[in-house]
Amino acid sequence: MLKIDNLHARVDDKDILKGLNLAIKPGEVHAIMGPNGSGKSTLGHVLAGRPGYAVTAGSATLLGQDILDMETEERAHLGLFLAYQYPVEIPGVSNMEFLKASVDAVREARGQEAISSVDFMKQARECCKTVDLDQSFLKRGVNEGFSGGEKKRNELMQMMLLEPKLCIMDETDSGLDIDALQVVANGVNAMRNAERSFILVTHYQRLLNYIEPDYVHVLAGGRIIKSGDKSLALELEEKGYAWLEDAA
Amino acid sequence: MSQQQIDRAISKEYAAGFTTNIESDTLPPGLNEDVIRFISQRKDEPEWLLEWRLEAYRDWLQMREPSWAHVNYPPVRFNEISYFSSPKALKDRPKSLDEVDPELIETYNKLGIPLHEQEALAGVAVDAVFDSVSVTTTFREKLAEAGVIFCSISEAVKEYPDLVRKYLGSVVPRKDNFYAALNSAVYSDGSFVYIPKGVRCPMELSTYFRINEQNTGQFERTLIIADEGSHVSYLEGCTAPMRDENQLHAAVVELVALDGAEIKYSTVQNWYPGDAEGKGGIYNFVTKRGVAHRDAKISWTQVETGSAITWKYPSCILRGDNSVGEFYSVALTNNAQQADTGTKMIHLGKNTRSTIISKGISAGKSSNAYRGLVRMSPRAEGARNYTQCDSLLIGDQCAAHTFPYIESRNPSAVVEHEATTSKVSDDQLYLCQQRGLDAEKAVSMIVNGFCKEVFRELPMEFAMEAGKLLEVSLEGSVG
Ligand SMILES: Nc1ncnc2c1ncn2[C@@H]1O[C@H](COP(=O)(O)OP(=O)(O)OP(=O)(O)O)[C@@H](O)[C@H]1O
Ligand SMILES: [Mg+2]
């Protein structure tokens with residue numbers, strides 16, 4: 001699914017990723033944890049193709065294709081989805097309109113049949129239910145005035161509708177109340193299948209009680225310094241990161 | 001016009017020491033009283049109208065071009081303009097769309113304009129005129145049944161001289177401003193509408209259906225009279241860019257809403273904006289104004305995307321008590337376009353109300369200014385205005401300016417003003433692209449969202465087209 005080799009990237013002349021390696025197979029769930037400022041969000045943005053993020057060395061392929069030279073939207077068409085740590089607002093553009101335009105664009109690029117407005121409405125309403133957002137959110141501006149938790153659930157809704165291959169979820173659990181955490185976890189679990197992989201960036205092992213990861217990685221100083229299974233998350237919860245960083 | 005009349009007109013010109021090339025049917029460049037006499041005679045106008053034009057011309061000579069607007073352009077040489085040319089003969093016009101500038105056709109296709117309309121817009125010589133002839137006829141029959149008059153203003157001068165004489169210049173006096181005076185002196189043609197008392201016009205009136213639409217030219221004159229308790233919605237323009245060889249456009253539009261009447265006037269302006277440097281684009285200097293009598297309502301909605309320079313302030317004089325004025329505007333400038341546009345709400349009557357919603361979008365190196373005046377006269381007891389003025393910037397080379405003027409001479413009047421400036425942020429674009437939209441689609445979606453409050457006011461089919469139009473006009477603004 002995803003293969004990252006010796007990835008170096010900088011933002012505003014600051015080196016942030018410094019030789020990152022990661023390989024993800026179809027169907028796998030990888031959790032990435034790590035101290036603040038270690039480069040977790042940067043990794044997501046570099047993969048998604050955020051302008052201003054320059055790759056200085058290394059490679060990344062998604063489904064066998066080199067994505068680093070692709071346009072941002074081409075990576076999305078290929079199946080990459082990034083749920084943002086800080087979703088932005090687009091005032092005036094309704095959520096519905098935005099979702100429909102996105103789904104249309106992605107389906108067209110993937111050579112899939114266009115979906116009728118009626119069917120789309122149905123799907124969107126379903127998704128609203130799944131993420132426990134009121135239908136009225138479809139009519140509101142994209143993230144406009146949404147609470148922190150509502151924004152995160154809105155990200156999940158987009159992810160469900162766009163049917164990505166690789167879902168990168170950047171701290172989708174931060175700012176969620178306990179019930180919402182369960183809702184998000186259920187949503188993700190429902191989406192899990194043999195052809196879809198996930199990267200969960202999180203600070204809390206609690207999320208991993210609900211979504212069971214295949215691997216847990218620690219990202220520190222722009223590199224993955226330790227990988228393990230679920231138990232690593234528990235260990236981190238207990239000991240923090242210092243012991244690892246010292247060792248690295 | 002009969003051959004005799006033409007001969008008479010021409011010989012008169014000779015008598016006056018004026019020479020013209022008889023064959024070309026177009027006056028040589030230049031403006032003087034003889035030119036005005038020639039125009040008036042060619043149009044077979046009554047004496048009073050000729051006098052009216054001449055007086056306007058004499059006033060114009062004393063006036064100076066306004067320089068207060070936030071626009072820059074080389075001086076217009078009024079003596080290098082030709083003030084009369086009759087419609088191009090069929091034989092001189094393109095024979096088919098193949099002979100028309102492919103770029104123009106490309107734009108038509110993007111806007112989804114049907115072929116026969118493309119032909120009409122591009123001025124193709126289609127004999128036996130296109131499909132809509134029958135549409136036009138049924139249209140006219142229906143209007144006649146309701147007693148609505150909708151014709152060219154030249155026709156109205158002949159058929160309804162009393163109405164024209166009573167109202168022409170009653171809202172925009174000849175001396176109102178430099179361009180209005182010029183228009184009054186040399187106007188070519190335009191629309192005339194009269195809605196009788198208590199009649200609700202059975203359909204939207206569109207310039208598109210007007211007979212004599214060809215070549216109304218650069219000095220268009222429109223007069224709309226809604227008699228007591230009547231109602232009309234009028235659509236001006238077309239989302240397709242019109243081909244026009246004249247650079248200077250100075251139109252005048254006058255609206256009269258008598259007691260309890262309502263006029264809704266919607267414009268989509270998409271004249272040629274010029275190349276990326278603004279070269280060759282239209283200068284659009286328009287005077288639009290309406291008078292609302294007691295309980296009457298005038299509503300202006302405009303979507304301005306074309307022209308190299310736009311200078312335009314559709315205004316309402318709220319003369320009667322309880323009258324209402326509205327102005328909804330989207331003005332988009334890209335590349336080197338310049339727009340200075342807004343409105344004036346003059347509150348004279350008691351409890352008059354006005355609403356101004358202005359959305360300015362600037363992209364490229366363009367400059368976009370909102371200029372608005374709200375005046376509460378001493379008599380305007382209990383009057384209210386609400387103004388909302390939003391600017392959206394795309395890129396960092398463009399500019400937006402806001403010049404709101406408020407004059408309140410009645411302490412009971414309430415004036416509210418809100419203004420915002422925002423940018424299409426890189427983060428918004430990034431979000432859209434991450435969700436699979438390309439940058440241009442993303443910008444047009446964001447811009448459409450920004451304009452929603454205004455598009456809502458447009459008649460349905462116009463609103464759809466307006467969205468598309470913005471998309472086409474914004475091409476090349478990102479990336
Ligand atoms: N535009 C920028 N200019 C300079 N430094 C930047 C820029 N963007 C990010 N950084 C820096 O890059 C580093 C990594 O940031 P990143 O957002 O990837 O961290 P993170 O691991 O996601 O942290 P958190 O857990 O707090 O979300 C931080 O030190 C941050 O300040
Ligand atoms: Mg982060």
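Proteins get letters first, then strands, A, B, ... in listed order; numbering begins at 1 in each.
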Mind checking side chain to side chain contact (heavy atoms under 4.5 Å, CB included) for A/Lys122 and listing every partner two or more places apart, or none if nothing turns up?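 With neighbours one apart ignored, the set is A/Asp119.
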With sequence neighbours left out, write down each residue that passes side chain to side chain contact (heavy atoms under 4.5 Å, CB included) with A/Asp66, or none if nothing qualifies.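 Scan of A/Asp66 (side chain to side chain contact (heavy atoms under 4.5 Å, CB included), adjacent residues dropped) gives A/Leu68, A/Asp69.
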Which heavy atom of A/Ala105 sits nearest a heavy atom of B/Gly436, and at what distance?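 Minimum heavy-atom separation between A/Ala105 and B/Gly436: CB-O, 3.3 Å.
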Geometric donor-acceptor pairs, no angle filter, chain A-chain B, under 3.5 Å:
from	atom 1	to	atom 2	distance (Å)
A/His45	ND1	B/Tyr430	OH	2.8
A/Arg50	NH2	B/Asp427	OD1	2.8
A/Glu73	OE1	B/Gln433	NE2	2.9
A/His77	NE2	B/Gly436	O	2.8
A/Leu80	O	B/Gln434	NE2	3.1
A/Leu82	N	B/Gln434	OE1	3.1
A/Leu82	O	B/Arg435	NH1	2.8
A/Leu82	O	B/Arg435	NH2	3.2
A/Glu89	O	B/Gln428	NE2	3.0
A/Gly92	O	B/Lys452	NZ	2.8
A/Glu97	OE1	B/Lys452	NZ	3.0
A/Glu155	OE1	B/Arg435	NH2	2.7
A/Gln158	OE1	B/Arg435	NE	2.5
A/Gln158	OE1	B/Arg435	NH2	3.2

Just wondering, do B/Cys432 and A/Ile90 contact through their side chains at under 4.5 Å, heavy atoms?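 A side-chain contact under 4.5 Å exists here.
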Going by side chain to side chain donor-acceptor pair (under 3.5 Å), name the residues that satisfy it together with A/His8, two or more places apart in sequence or in a different chain.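 Partners of A/His8 under the side chain to side chain donor-acceptor pair (under 3.5 Å) test: none.
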Residue A/Leu99 versus chain B: region with a heavy atom under 4.5 Å: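 Looking at A/Leu99, nothing touches chain B.
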For A/Ala101, is it the side chain, the backbone, both, or neither that has a heavy atom closer than 4.5 Å to a heavy atom of chain B?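 Interface part for A/Ala101: both.
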What do the steps show when you test B/Phe450 against A/Val93 for side-chain contact (heavy atoms from CB on, under 4.5 Å), and what is the final call? CA-CA 8 Å; B/Phe450 174 76; A/Val93 176; over 6 Å; no
